[in-house]
Asker: 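Can you read through this structure? Questions will come right after.
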Amino acid sequence: DSRYNPQSIETKWQKRWQDDRLFNVTENPGQKKYYLLEMFPYPSGKIHMGHVRNYTIGDVVARYKRMRGYNVLHPMGWDAFGMPAENAAIANNTHPAKWTYDNIDAMRAQLKRLGFSYDWERELATCRPEYYRWEQWLFLKMVEKGMAYRKESFVNWCEPCQTVLANEQVEAGMCWRCGKPVRQKKLWQWFFRITDFAEDLLVHCDKLPGWPEKVTTMQRNWIGKSIGAEIRFAVADSQAVISVFTTRPDTVFGATFMCLAPEHPLVSELSTGTEQEVDVAAFVERISLQERSSKAIESYEKEGIFTGAYCINPMNGRKMPIYTANFALMEYGTGAVMSVPAHDQRDFDFARKYDLPIVVVVRPPEEGLDGNTMEAAYTDEGMMVNSGAFDGMDNRKAIDAITAALEQKGLGKKTVSFRLRDWGISRQRYWGAPIPMIHCESCGIVPVPESDLPILLPENAHMLEGGRSPLPSLTEFARTRCPQCGREDARRETDTMDTFVESSWYFERYCSPRCDTAMFDKQAVDYWMPVDQYIGGVEHAILHLLYSRYFTRVLESMGLVTFKEPFTRLLTQGMVCKETTACPQHGFLFPEEVVETGDGGRACRHCGQPVTVGRVEKMSKSKKNVIDPNVLLDQYGADTTRLFCLFAAPPERDLEWSEQGVEGSYRFLQRVWRLAEGWLPIIGDTPPAEGDLSPTQAETKELCRKTHATIKRVTQDIEERFHFNTVISAVMELFNAMQALDEGNVQDADKPVMRFALETAVLLLSPIVPHFCEELWENLGRRKSVLLHPWPTFDDAATVKDEVEIVVQVNGKLRSRFSAAVDADDASLKESALSDERIGKFIDGKTVRKVIVVKNKLVNIVV
Ligand code: ANZ
Ligand code: ZN
């Protein structure tokens, strides 16, 4: 009698899998492929429970598909560039490279302990030159084709620290380090022309049936297509014309003032020489210090200032004052807004604040509105008023009618606007892929010749205080020779690429990760791509997925791949959560900061005050509610950890951590282990069953049926929705049936049924608890890995329960019989009895007072 010992079993099988190269795959045109990918981790130092959950879900699918006969590509790697490495390097006086590679080693070891079926020979780290050189190559191609370009744009800048700050380093408008206000500074930066694909990216959102609806919706909103009109307003006493973008051309008669973005070139042009000039310049200067994203602007109080100039409403000739306002974005539409205070809330608030006229042009159906007395903008549909020839028209019809009228007069046209902006990829950071361009005083901006790639990130750089990049001052890197004219004093671009660039094509690189003649081997990509199932956190639902979709289109347009969508199916898993504990004085507490009090309560170890149990929240260091996977692995092993993650909740839902849940998972495995121990001596000599089984006893007949039914249910639950929690409960039920069997009474002829049931349970559980199942499979006398065994099949006819004879009585007298499925429920038995022909004449015209049902036996009708 040997006890279940997860540690020794797990080490044994992990070594066996590696020695047998069980997870290493190559392209095999004769076999159907399946590419299963989980989002690769940032090497922060340690695997956390969120990773464990994500990768366990993926691993189960990968192993399942293997057993279904697919050639499964299941790779793992590291999203290894990024700012945390620089911060950690400064804090710990080390180098980002060392920190990163050490973390990768630690995390790889943890992933290996979890028994995931990765093809480790395909491992990649995006910070390695073999990887980023191809990104630099693509960058050059994009520059060549006009898909990448340079323009001046704003960054967050901290004057005291003399450094650019990433958005995450700005806390409520202040520098995270020195606490001084952050301002906006214009820098020349590189952009990818993602907006060229805005329409295509949007249209294909409808062609991703394997993606969660909520994710495609987020993508649609991010792309943000608006259909409307561009309308031109002449500036009074000037040659200048202001173009606006509006989604409501029907309201043009109600436009009473104009708002320009502070960065709009006309702002200073129009105010120059007016008495407003100084005030306008001061306003623009002040606003330019604020963060100018649409998100940030929503939270500001709306404000503006009159420029001193007027423009003319093209429909009714009204003289409209021109303002510059903080809510007008230079980056959207044309950077100018025709303000219609009666029908736009923002404009309404602005008009009330600065005492500007409000003219109603869309009348609500119930009653008229007065611009002087209305309390909020009216944004619904209605009938046109105050709009000349368009009065009386339905305003939805007026949208097209007014646009057509403007078009005819040459004052406007129908247009489309997108919220999506071009992707700024320049980062003034050290730990990233260098942008392969050179600045020469004679030649301008010159691309690095392809033959000079990769431009290596110098490893000898010392990190600077405040996270400033050492590259600009590192002469041996920054100073270079111009490849065009040979000048020796040319300067290398010292910005590095946004790390989202690396994660936009790593899935293609996995197809041929060691290829050193191209980004990837075309045949390998043709075979493996697109990814059949992608799994990751919903926090990446917008940017990472959109950039990956965009990059795939870039590659497609260059003829490097033959598809546009990289991920056929997407699963976004829920968060791992746990309850929090807090002290009124000391805030959140770790479990070890809580002590039991004599009266059964719990108190803070620091101050003795009673603690409160807080909400269940996503595990995080700041909430002090994290569980370290290593502790679980030491105490219970990988299989229990995996089992718990899958059993506690379906993948897309949040998972609530529970100690009892982990304990329960462990006990279940022990139970299965003991049952197998008991059965092995009985069925050890029974060979695996071939073909149909024909059990002779009622008990084994039922076990056989239950086994078929379990295969059916488990297979459906995996195929249709990856609901592994119900998969596990189905197998648990099968075990209950096995435990209920009186195995001492089973005749030799029926022993194949016992083997069938036990082997099936092992096969069904093997993707979930692979080490455990390998061991049992071997104990059952099997020689090859359970992973190489086909997924069990079921016989639909064999899943049907046997029938039993039900006796029908009326007032206690036997009147009829019918047959029904074993365990048919009371309601269906009652129904069958009452509708039985022979019963009809006994109850006709009488009231049925009571129906008594005895399961599997009889129905008694009392009249
Ligand atoms: C007049 C109007 C009247 C508007 C009305 C709305 C309601 P979406 O739908 O998000 O595309 N707008 C245009 N350019 C802008 C800019 N650069 N900065 C800030 N706001 C801008 O938004 C389109 C609407 O946003 C446009 O339609 C314009 O205001 C404003 F009853 O024009 B509207
Ligand atoms: Zn030159």
Side-chain angles (χ1 to χ4, degrees), residues 154 195 198-199 202 220-233 242-267 287 290-300 302-304 311 313-316 318 320 322-351 356-364 369 371 374 376-387 390 395-396 398-399 402-403 406 411-421:
F154 288 98
T195 52
E199 183 73 43
L202 182 70
R220 281 189 199 94
N221 292 342
W222 188 261
I223 296 167
K225 178 178 179 176
S226 292
I227 298 172
E230 204 170 298
I231 306 180
R232 291 146 58 82
F233 290 68
I242 299 173
S243 240
V244 305
F245 170 72
T246 176
T247 46
R248 296 289 306 274
D250 55 319
T251 63
V252 63
F253 285 85
T256 55
F257 58 99
M258 173 70 67
C259 285
L260 302 179
E263 302 85 358
H264 198 290
L266 277 178
V267 171
I287 299 299
Q290 300 176 346
E291 198 195 329
R292 303 281 295 133
S293 68
S294 49
K295 195 168 133 239
I297 278 166
E298 270 166 38
S299 62
Y300 298 151
K302 314 292 169 269
E303 54 174 336
C311 63
N313 187 315
M315 293 310 273
N316 57 15
R318 174 192 273 275
M320 299 161 52
I322 304 172
Y323 277 69
T324 175
N326 66 343
F327 65 78
L329 293 165
M330 194 56 217
E331 308 271 280
Y332 190 59
T334 62
V337 188
M338 69 171 206
S339 289
V340 184
H343 304 293
D344 181 279
Q345 191 57 39
R346 213 170 40 178
D347 297 346
F348 182 87
D349 296 338
F350 196 88
L356 294 157
I358 300 177
V359 176
V360 174
V361 291
V362 179
R363 183 190 182 281
L369 268 180
M374 63 198 290
Y378 177 72
T379 56
D380 287 343
E381 268 96 54
M383 189 182 80
M384 301 293 295
V385 291
N386 293 326
S387 297
F390 302 93
N395 83 299
R396 282 163 297 186
I399 292 182
I402 292 185
T403 307
L406 285 162
L411 291 168
K413 61 174 196 290
K414 193 167 172 168
T415 55
V416 169
S417 203
F418 289 94
R419 204 151 280 287
L420 184 67
R421 302 269 68 91

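Read the numbers this way: they start at 1 and go in the same order the structure lists the ligands and their atoms.
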Asker: Among all protein heavy atoms in this structure, tell me which lies nearest to atom 18 (N) of ligand 1, with the distance rounded to 0.1 Å.
Answerer: L329 N, 2.9 Å

Asker: Can you sort out which atoms of ligand 1 are near Y332, meaning under 4.0 Å from one of its heavy atoms?
Answerer: 8 (P), 10 (O), 11 (O), 14 (N), 15 (C), 16 (C), 17 (N)

Asker: Could you tell me the residue and atom name of the protein heavy atom closest to atom 10 (O) of ligand 1, and the distance to it rounded to 0.1 Å?
Answerer: R419 NH2, 2.5 Å

Asker: M338 heavy atoms, cut-off 4.0 Å: which ligand 1 atoms fall inside?
Answerer: 1 (C), 32 (O)

Asker: More than 12 foreign heavy atoms under 6.0 Å from NZ of K414: is that the case here?
Answerer: no

Asker: Name the closest protein heavy atom to atom 27 (O) of ligand 1, giving the residue it belongs to and the distance to 0.1 Å.
Answerer: T247 N, 3.1 Å

Asker: Which atom pair, heavy atoms only, marks the closest approach of S387 to M384?
Answerer: OG-CE, 3.6 Å

Asker: Any non-hydrogen atom of S226 lying under 4.0 Å from ligand 1?
Answerer: yes

Asker: Quick one: look up the protein heavy atom nearest atom 6 (C) of ligand 1 and list residue, atom name and how far away it is.
Answerer: D344 OD2, 3.5 Å

Asker: Check whether any heavy atom of M330 sits under 4.0 Å from an atom of ligand 1.
Answerer: no

Asker: Mind checking whether E331 has a heavy atom under 4.0 Å from ligand 1?
Answerer: no

Asker: Has R232 got more than 12 heavy atoms of other residues, nucleotides or ligands less than 6.0 Å from its CZ?
Answerer: no

Asker: Please check this pair: side chain of T247 against backbone of G228, looking for a donor-acceptor N/O pair closer than 3.5 Å.
Answerer: no

Asker: Quick one: nearest non-hydrogen protein atom to atom 26 (C) of ligand 1, plus distance?
Answerer: F245 O, 3.6 Å

Asker: Taking atom OG1 of T246 and atom CE of M338, what is their separation to the nearest 0.5 Å?
Answerer: 4.0 Å

Asker: Judged on heavy-atom distance to atom 12 (N) of ligand 1, which of V361, V337, T379 sits nearest?
Answerer: V337

Asker: Would you mind checking which non-hydrogen protein atom is closest to atom 33 (B) of ligand 1, with the distance to 0.1 Å?
Answerer: T246 OG1, 3.5 Å

Asker: Mind listing the closest non-hydrogen atom pair of G371 and V360 along with its distance?
Answerer: N-CG2, 3.9 Å

Asker: How far is atom 25 (O) of ligand 1 from its nearest protein heavy atom, and which residue and atom name does that atom have?
Answerer: R346 NH2, 4.1 Å

Asker: Would you call I402 and F390 a side-chain contact if the rule is heavy atoms closer than 4.5 Å?
Answerer: yes

Asker: Please find the pair of heavy atoms, one from P314 and one from I231, that lie closest to each other, and give the distance.
Answerer: CG-CG2, 3.9 Å

Asker: Which one holds for T251 and ligand 1: side chain close, backbone close, both close, or neither close, with close meaning a heavy atom under 4.0 Å?
Answerer: side chain

Asker: From the options D380, D250, T251, select the one residue that forms a side-chain hydrogen bond (donor to acceptor under 3.5 Å, both in side chains) with N395.
Answerer: D250

Asker: Can you check whether D347 has an N/O within less than 3.5 Å of an N/O in ligand 1?
Answerer: no

Asker: Non-hydrogen atoms of G335 versus ligand 1: any pair closer than 4.0 Å?
Answerer: yes

Asker: Please report the shortest heavy-atom distance between H343 and R248, naming the atom on each side.
Answerer: O-NH1, 4.4 Å

Asker: Say whether R248, considering both its backbone and side-chain N or O atoms, lies within less than 3.5 Å of an N or O atom on ligand 1.
Answerer: no

Asker: Among all protein heavy atoms, pick the one closest to atom 19 (C) of ligand 1 and tell me residue, atom and distance.
Answerer: F327 O, 3.4 Å

Asker: Might you point out which heavy atoms bring S226 and Y332 nearest each other, and give the distance in Å?
Answerer: OG-OH, 3.4 Å

Asker: So do F253 and N386 actually touch side chain to side chain, heavy atoms under 4.5 Å?
Answerer: no

Asker: Enumerate the atoms of ligand 1 whose separation from the nearest heavy atom of V340 is less than 4.0 angstrom.
Answerer: 1 (C), 3 (C)

Asker: Is A328 near ligand 1, meaning one of its heavy atoms is under 4.0 Å from it?
Answerer: yes

